[in-house]
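To start, the structure under review is shown below, and the notes come after it.
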There are 2 protein chains.
Amino acid sequence: MSESPTEFSIGDLAREFDLTTRTIRYYEDKLLLKPERRGKQRIYSKADRTRLKLILRGKRLGWNLDEIFEVIQLYNSPDGEKRQLELMVKKIGHSRTTLLDQQEDIKMALQELDEIEERCSVQLQQLITHANTQEV
Amino acid sequence: MSESPTEFSIGDLAREFDLTTRTIRYYEDKLLLKPERRGKQRIYSKADRTRLKLILRGKRLGWNLDEIFEVIQLYNSPDGEKRQLELMVKKIGHSRTTLLDQQEDIKMALQELDEIEERCSVQLQQLITHANTQEV
DNA sequence: CTTGACCTTTACGTTAACGTCAACTTAATC
DNA sequence: GATTAAGTTGACGTTAACGTAAAGGTCAAG
């Protein structure tokens, strides 16, 4: 069986996700990551790597680092205090609303792209047809 | 029948979309809008207003203004030159890929939110149950 | 005719998210 | 054990997307 590594250097992650180490350290500054240390060296666990994936997904959806921080907090289940749990449920709802709105935007954008492409195809087809009739 | 306006001032649009006039002028700087002028005054048509909506949708999806410019260009059907049309079809495909990727990210994020919320609900339910049994 | 509500351009300021040195330490390799 | 590759902490630089303030033009209402 192929061994999958259990810990990573900052360079490992930078290579894997095509980031600079500067970027990964910046995310730590912003409290998005908290790797262990071996001396001064940063050691990233599988969980850290997963968090980084979450960060990058947030970026692809256009969220800023503060927003991403908020959402990542949701993944750390709270200590079981009622007030905390209720606040969490509220934040989850808010996050879901944002996502559903984005989903709607994407649906409409895709529809419009289809229409535009359709018109393009028709025009291209016409060009080809006319070219052929002229050749003959 | 209620009349819907056919042209808009910069203040009209700012109010409607909750933007500053500075922002709208900035979009013009970046060639995302090209309103008519009455003297020095900017006059926005319905088409301009639609473009602004497209810009804001792009923003909600996390695109920068250059990317938004590219996509908006797709809405201006080209002059019918074959080379142009083909390039356009290619850009449409690229844009669609981006959107589909985002759609996938959102799907996964929503699934994870569901799981997190489920765990929260269970914990809250447990809290309530224990509170009740203690009260009796 | 002046007041107030809008509009204009010009220009400098601000913040997030890094990039880019520099100066140094630690780890791996020949 | 010297070299080289990778990691560390500052600290200053950069760019996009506006904010903000200055200085002024236009036009209807009182």
Side-chain angles (χ1 to χ4, degrees), chain A residues 3 5-46 48-49 51-73 98 102 105, chain B residues 5-45 48-49 51-73 98 102 105:
Chain A
E3 309 280 327
T6 169
E7 49 180 57
F8 311 87
S9 75
I10 194 168
D12 291 339
L13 295 184
R15 244 164 285 132
E16 178 172 2
F17 298 106
D18 195 28
L19 304 169
T20 67
T21 59
R22 173 70 174 96
T23 296
I24 297 178
R25 287 195 200 96
Y26 184 69
Y27 293 161
E28 187 175 347
D29 270 18
K30 294 289 157 169
L31 308 179
L32 296 177
L33 293 172
K34 291 176 196 173
E36 308 273 303
R37 297 277 181 147
R38 188 166 299 153
K40 304 192 102 185
Q41 222 101 326
R42 292 170 174 81
I43 309 288
Y44 296 87
S45 67
K46 282 196 159 191
D48 291 323
R49 183 165 162 277
R51 277 174 81 100
L52 184 51
K53 277 191 192 175
L54 282 180
I55 295 170
L56 297 179
R57 190 175 70 193
K59 294 233 79 184
R60 285 195 299 274
L61 294 177
W63 305 350
N64 67 38
L65 296 187
D66 286 350
E67 290 164 341
I68 292 174
F69 178 79
E70 283 288 314
V71 174
I72 282 187
Q73 291 313 305
T98 302
Q102 286 187 298
D105 281 328
Chain B
T6 168
E7 50 181 57
F8 310 87
S9 75
I10 194 169
D12 292 338
L13 295 184
R15 243 164 285 132
E16 177 172 4
F17 297 107
D18 194 28
L19 303 170
T20 67
T21 58
R22 173 68 174 94
T23 297
I24 297 177
R25 287 195 200 96
Y26 184 69
Y27 293 161
E28 186 175 347
D29 269 17
K30 293 291 156 165
L31 308 180
L32 296 176
L33 294 171
K34 291 176 197 171
E36 307 274 303
R37 298 275 181 150
R38 187 166 300 153
K40 303 191 102 187
Q41 224 100 324
R42 292 169 174 82
I43 309 288
Y44 296 88
S45 68
D48 291 324
R49 183 165 163 277
R51 277 175 82 100
L52 185 50
K53 278 191 192 177
L54 282 179
I55 295 170
L56 297 180
R57 190 175 71 192
K59 295 234 78 184
R60 286 194 300 274
L61 294 178
W63 304 349
N64 68 38
L65 297 186
D66 286 351
E67 289 165 341
I68 292 174
F69 178 79
E70 283 289 315
V71 174
I72 282 186
Q73 292 311 306
T98 302
Q102 286 187 296
D105 281 329

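Per chain, numbering begins at 1; letters A, B, ... match sequence-line order. For the numbers below, each heavy atom of this structure counts, side chains included, while hydrogens, waters and symmetry mates do not.
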Whole angstrom value for the distance that separates C1' of D:dT26 from CD1 of B:Ile43: 13 Å
As a test of understanding, state which of B:Lys34, B:Arg22, B:Arg42 forms a salt bridge (charged side-chain N to carboxylate O under 4.0 Å, His left out) with B:Glu28. B:Arg42
Rounding to an integer number of Å, can you tell me how far B:Asp29 CG sits from D:dG19 P? 13 Å
Measuring from the side chain of B:Tyr26 (C-beta onward, heavy atoms only), which nucleotide among C:dC18, D:dC18, D:dT8 has the closest atom? D:dC18
Is there, by distance only and without an angle test, a donor paired with an acceptor across the side chain of A:Arg22 and the base of C:dT20 below 3.5 Å? yes
At less than 4.0 Å, is any side-chain N or O atom of B:Thr21 found next to OP1 or OP2 of C:dC6? Yes or no. no
So what does A:Arg38 hit on the nucleic acid, given a heavy-atom distance under 4.0 Å: a base, only sugar-phosphate, or nothing? nothing
Reckon A:Arg42 has a side-chain N or O less than 4.0 Å from the OP1 or OP2 of D:dT8? yes
Round to a whole Å and report the spacing from OH of A:Tyr27 to C1' of C:dA16. 11 Å
Spatial distance of atom CG (B:Asp105) from atom CZ (A:Arg57) [nearest 0.5 Å]: 6.5 Å
Here the distance between atom P of C:dT15 and atom NZ of A:Lys30, to the nearest Å, is 11 Å
Given atom CG of A:Leu19 and atom P of C:dC18, what is their separation to the nearest angstrom? 8 Å
Would you say A:Ser9 reaches D:dA6's phosphate, i.e. side-chain N/O to OP1/OP2 under 4.0 Å? no
Flag side-chain contact, heavy atom, 4.5 Å: A:Ile24 against A:Tyr44: yes
Taking the side chain as C-beta and beyond, is there a heavy-atom pair between A:Glu70 and A:Trp63 under 4.5 Å? no
Short question: side chain of B:Asp48, backbone of B:Ser45 - any donor-acceptor pair under 3.5 Å? yes
Does OP1 or OP2 of C:dA16 have a side-chain N or O of A:Lys59 closer than 4.0 Å? no
First of A:Leu65 and B:Arg25 reached from the 5' end of DNA chain C, by closest nucleotide: B:Arg25
Distance in angstrom units between B:Leu52 CG and D:dC18 P, rounded: 11 Å
Once you apply a heavy-atom cut-off of 4.0 Å, does A:Arg37 come out as touching a base, just sugar-phosphate, or nothing? sugar-phosphate
What integer distance in Å separates B:Leu33:CG from D:dC18:P? 12 Å
Heavy-atom nearest nucleotide on DNA chain D taken for B:Gln41 and for B:Asn64; more 5' hit belongs to B:Asn64
Starting at atom CD1 of A:Ile10, determine the distance to atom P of C:dC18, rounded to an integer number of angstrom. 13 Å
Closer than 4.0 Å, any side-chain N/O of A:Thr23 to the OP1 or OP2 of C:dG19? yes
